[in-house]
Structure formats: structure tokens, C-alpha cells
Trainee: 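The structure follows.
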Amino acid sequence: MLCFLAVSCKKDSADNEKDIAGTLVKPSYNRSSMFRNPLNGWVMYASASGTPSYWDTQFYVPDLGKTVKAIDYASACYIRTSWRTFNPVDGVYAWRDPSTAIYKMIKGAQDKGLPIAFRIVIDGRDQGANTPQFVFDAGAKYYVANTSFPDRKTPVLQDPIFRKYYSKLIEELAKDFNDLNKTSFVDAYGLGLWGEGHSVIYEDPNNPSGQNIEVIKEEVVDWISDVYAKNFTKVPLLINYHRVVGDPAGNGAPNPNSEKLLNKMINKGYSLRQDAFGMTDYYQSWEKNFAKVWNFKRPIIMEGGWITTGTHRYWTDPSGKYRQDHPEDVRQGEFDSSLEAAVNMMDFRIGEIESWFTKSFTLCQRFISEGGYRLYPDRVYLPEKVNSGTETTINHRWRNMGWGYFPNNIPQWNYKYKVAFALLDEENRVKKVFVDDKGEPSTWLKNNPVAYELKANVDVPAGNYTWAVAIVDTTNENQPGIKLAVNGDMTSTGWLKLLGVQVQ
């Protein structure tokens, strides 16, 4: 009955720790496998105008001597596109129409087991007509930054007609994507150039109103964060932490109100994202220090800033570390900044993804092995015999081997993930689950194992069972919700089998 222990874990007596009763089981840590867990790992980017064949793109990895698919290394699919793409006509939502490219892209990701993530861009200055024309036809105010491109309209963010239709879009998106099984996160701001949260315009620059921009800025932040927080209650929301967040400026000295605005959004449930990792002229000490304040309180997701495939002169970076024609230098810079910020997710962007695999695959594997969170129980004390209807004690200790943290504390998750033990029958059916409410995964940090003691009432019929463990989702009937970083005998539903037990 205990033969599976030879491959799943080590079993020792408790002689060396005589104050702890039971048989010591030491699950075997998995150091390198990629596990798809929420808010963890690599984010693969996709184009809203792409095709499902994108998922089958292969890259030759010299370190492996073979070709691989990037999607096999990713935990989420990120789509950054215009409001117009999602919602071209009032009442028409392209993601629900099987004939559209965005439907096919989302469906392609879901078929591959990837939840999506998205950012909606509305500014018309840099990428064309991002806000749909029907919003302006309805009377929403706008301005045109360049009269040579009259269709590139940017809506006035304070305008009630604009807000009416934008809120309607978010409500409709939430109907389909306020589900952690479908959606990894929502990049829930999207204002300004490229939707990055800076260079935000609140009025026609040629006809300024004379109003206090700081007052307007804060009111807009309050409005848009309320819209997202009201509708996306189960999915993480992200905001770019930038020293001029929400400001008409795109760079320069930190705005004194930036920290205040970011903290307001974080207090509403937002987590953190930054789009300029590796760009040392943009990702500066202000951003680094802000990340340190929120480390292990809110997860951080990164995006690299430099484009190494022809449009950016990345070798001019002030760090002096990037050589021309050496994108691997930029990949190293992004990795180093990600380590410093203890990020949970890194990016496989379109155009940049090939260099990760062909020139920097070691860093890909390092992030899988070292980044984000990797959780496992390194020792568990269990009884091998117990009387039915009596209370027994389970002692267990957990480790996080990643540099990030498991964000069980974010409001959208509300501590729903818990450590649980189960009794399995001889056909691996769960007969009893014991949830340890004190076992809180968000507190597990690298090099800091945490131990717990659980009292369990074994009220099952006499017979032979197997002890098993998992991190369960208490909102989903205590089903295993997080893949553990272990080598071992796992059931099809995600329970790690530990030790046989005879209930008498």
C-alpha cells in the first residue's frame, strides 16, 4: 500500500523530532518544471488581429537542440488592443462573434489552456482611431492632436457620454471574463499613449481650460478605477506604477501626487504592472522604490520597454550595458530588473519572443525555476493508524522557492486558497477534506519556511486510506486550485498522495 512512496517522497520516523508525533514524509521538490498557476510565470502576447495559427509558432532553442512552442512555457495570453476592436458598433461585441479575429485569438488561447489578459486603449494620438466612431457620433467631446489625421480622435475623459459608453463596455466584458478560469488579469486603466498610464490628456492642448489638472486627474482615476473594481470582482486588476501616472507628462521628474493616486487604486484592489523594465531612463529609482514598498503585499507584473527588432535604439540606454545587435543584453537587463522587483510574471512580447528562446533561453528557464512563486510542503508528519471518530494531529511545513509571492491576499481572491489534507480511498476518491484555515500561502517567502499544526477529526468509516495534500480553492468545493512544485504521485484532480493510513 505504501509502495508509491518510493517515487513520490521520502518517509522517515519522527525520532529526530520527538516532540512531534507521526511519520515524517518529505515530498520531493520539483526544481524546473513549468506549472501554470494564476498570476505566475510567462505571459505570451497576442495580436487581436492575429490568427490561431500563432499558437503553433516554433522557435529553435540552441540550448536544447530542438524547436519548441512558446505557448508551452506560458501561463497567460495578453491582448492589448483598441476599444474599437472590442466594440466597433454600439451593442456589438466582437469577442462574442466567431467570425472576428479577436474571437478566434481568444478561443485559440483558451483551447490551449491559457487564460487571457487584456488592456483596452482609447487614445487616438499614437495608434490611430482607438475609440469607436459611434461614441463621437453620440456627442462625446474629443480633440485631434494632428489635423493631418482627423480620424485620430482622443475622447475627453471627463465627458459623460464617453463615460457612459466606456462603462457599458467594461460591464459587458465582465459578464464574460470576470472569471479566473478565463482571465488571468485585467490591465485596468489603459489611458494615455499606448495605454501606459502616462501622457494622459484631459483637454484640448490648444485650448486649455485653466482648470487644475491635478484635481481633474484624481477625479478621472477615481472614476475609472470604480468602473473596473465594480465589475471585475474575481479577476486581478493592474495599474502601471509610474512616477507621472495619469499625468500629461510622459517622463521627467516624479509628480508629487503619483504615489497618492497609485495608493488609492491599490487600496481599491489593484495590483502592479510596469511597461519599461530594462529601460533605465524610464524605470528609475522612483519606480524601484515604489515596488519595494509593495513587495509581497501586491504582485508585480513586468513588461520590457525596449523593442530590439528594429524600432528602438536600445544600445543608447543610459546603463551602457546593451550592445547594438545583441538583444540578449536587453533580455539580461530585463531579467535583472525583474529579480530586483521580485516580479511574479514576465513577458513574451510579439517581436521580442524569438530572442528569448534563441539567445536567452537560460534566462527563460531561470525565471521558471526561480521567479514568481513555487510552493511545496517540505515536511509533513502524519499518523499511519488512527481510530475512526477521533482527533488526530497533522504537522506540516511549507516553502516558497520563488522570489515572488503567492498573492492570496488580493481582494479579488480574498484568501480563498487554503492548505488542505484529504483522505483518499483505494480508487483515489476524496472521502474527507481537512482545511487548515491557519495555513496562509501569501505569507510564504523565499528562505522562510512556515510550519503549522492541524487538528483533524477522522470521522470516516474504518478502512484503508491514503493521506493527500493540496492547496484548494475554498470557493470551488475545496478542489485543488494551485499546482504544487513537487515530483510525486498526483491524482488526476491535483492531490499529492503522501502516506497510507489505516482507520480502525
Trainee: Give a yes or no on whether a salt bridge exists between Glu440 and Lys418, defined as a side-chain N under 4.0 angstrom from a carboxylate O.
Mentor: yes

Trainee: Looking at Pro236 and Leu39, what are the two nearest heavy atoms and their distance?
Mentor: CG-CD1, 3.6 Å

Trainee: With ring-ring contact (aromatic ring centres under 6.0 Å, His included) as the test, pick out the partner of Tyr73 among Trp42, Phe367, Phe361.
Mentor: Phe361

Trainee: Please find the pair of heavy atoms, one from Asn295 and one from Ala342, that lie closest to each other, and give the distance.
Mentor: ND2-CB, 3.9 Å

Trainee: Check whether Asn231 reaches the backbone of Val227 with its side chain - one donor and one acceptor, N or O, closer than 3.5 Å.
Mentor: yes

Trainee: Less than 4.5 Å apart, any side-chain heavy atom of Met44 and any of Ile353?
Mentor: yes

Trainee: So how far is it from Phe162 CZ to Leu157 CG, rounded to the nearest 0.5 Å?
Mentor: 5.0 Å

Trainee: Using a 3.5 Å distance criterion without hydrogens, assess whether the side chain of Thr154 forms a donor-acceptor pair with backbone atoms of Gly124.
Mentor: yes

Trainee: Residues two or more places apart in sequence or in another chain: which of them pass ring-ring contact (aromatic ring centres under 6.0 Å, His included) with Tyr415?
Mentor: none

Trainee: Between Ser167 and Lys164 (side chain of the first, backbone of the second, donor and acceptor by atom type, cut-off under 3.5 Å), is there such a pair?
Mentor: no

Trainee: Output every pair passing side-chain hydrogen bond (donor to acceptor under 3.5 Å, both in side chains) with a member in residues 191-200, not counting sequence neighbours, ordered by first then second residue.
Mentor: Asp126-Trp194, Glu196-His198

Trainee: Between Asn40 and Tyr373 (side chain of the first, backbone of the second, donor and acceptor by atom type, cut-off under 3.5 Å), is there such a pair?
Mentor: yes

Trainee: Given salt bridge (Lys or Arg N to Asp or Glu O under 4.0 Å), test Asp159 with Lys141 step by step and report yes or no.
Mentor: CA-CA 6 Å; Asp159 184 86; Lys141 297 178 182 178; 5.0 Å; no

Trainee: Does any part of the side chain of Arg119, heavy atoms only, come nearer than 4.5 Å to the side chain of Val121, both counted from C-beta?
Mentor: yes

Trainee: Return yes if some donor-acceptor pair links the side-chain N/O of Asn87 with the main-chain N/O of Trp83 below 3.5 Å, else return no.
Mentor: no

Trainee: What class does the angle between the rings of Trp95 and Phe86 fall in, given that below 30° is parallel, 30 to 60° is tilted and above 60° is perpendicular?
Mentor: perpendicular

Trainee: Quick one: closest heavy-atom pair of Ala109 and Ile116, and the distance?
Mentor: CB-CG2, 4.3 Å

Trainee: Measure up the Tyr314 and Tyr322 rings against each other and bin them: parallel (under 30°), tilted (30 to 60°), perpendicular (over 60°).
Mentor: tilted

Trainee: Are Tyr165 and Phe134 close enough that their ring centres sit under 6.0 Å apart?
Mentor: yes

Trainee: Between Asn400 (side chain) and Gly404 (backbone), is there a donor-acceptor pair under 3.5 Å?
Mentor: yes

Trainee: Side chain of Lys268, backbone of Lys264: donor and acceptor closer than 3.5 Å?
Mentor: no

Trainee: Check whether any side-chain heavy atom of Ile71 sits under 4.5 Å from a side-chain heavy atom of Leu114, and report yes or no.
Mentor: yes

Trainee: Regarding Glu352 and Arg331, does a basic nitrogen lie under 4.0 Å from an acidic carboxylate oxygen?
Mentor: yes

Trainee: Arg243 side chain to Tyr282 main-chain N or O, any donor-acceptor pair under 3.5 Å?
Mentor: yes

Trainee: For Lys321 and Asp317, run salt bridge (Lys or Arg N to Asp or Glu O under 4.0 Å): C-alpha distance rounded to whole Å, both residues' side-chain angles, the deciding distance at 0.1 Å, then the answer.
Mentor: CA-CA 8 Å; Lys321 294 181 178 180; Asp317 186 271; over 6 Å; no

Trainee: Return yes if some donor-acceptor pair links the side-chain N/O of Tyr270 with the main-chain N/O of Ala188 below 3.5 Å, else return no.
Mentor: yes

Trainee: If the plane angle is over 60° it's perpendicular, under 30° parallel, otherwise tilted; pick one for Phe290 and Trp286.
Mentor: parallel

Trainee: Measure from the side-chain N and O atoms of Ser369 to the backbone N and O of Gln365, and report whether any donor-acceptor pair falls under 3.5 Å.
Mentor: yes

Trainee: Does a side chain donor of either Arg84 or Thr131 reach within less than 3.5 Å of an acceptor in the other side chain?
Mentor: no

Trainee: Could you walk me through whether Trp403 and Phe335 pass the ring pair (Phe, Tyr, Trp, His ring centres under 6.0 Å) test, one step at a time?
Mentor: CA-CA 12 Å; Trp403 68 46; Phe335 182 89; 5.5 Å; yes

Trainee: So do Ser360 and Gln332 actually touch side chain to side chain, heavy atoms under 4.5 Å?
Mentor: no

Trainee: Less than 3.5 Å apart, any donor N or O on the side chain of Thr362 or Asp63 sitting next to an acceptor on the other?
Mentor: yes

Trainee: Quick one: pull up CZ in Arg31 and CG in Asn487 and give me the separation to the nearest 0.5 Å.
Mentor: 10.0 Å

Trainee: Name the residue from Trp356, Phe348, Phe118, Tyr78 that meets the ring-ring contact (aromatic ring centres under 6.0 Å, His included) definition with Tyr45.
Mentor: Tyr78

Trainee: Would you say that Asp72 contacts Gln58 through its side chain, given a criterion of any heavy-atom pair below 4.5 Å between the two side chains?
Mentor: no

Trainee: Fit a plane to each ring of Tyr166 and Trp223, take the angle between them on a 0 to 90° scale, and name the class: parallel (under 30°), tilted (30 to 60°) or perpendicular (over 60°).
Mentor: tilted

Trainee: To the nearest 0.5 Å, how far apart are OH in Tyr228 and CD1 in Ile239?
Mentor: 10.0 Å

Trainee: Taking atom types as modelled, find out whether Ser33 and Asn30 have a side-chain donor-acceptor pair closer than 3.5 angstrom.
Mentor: yes

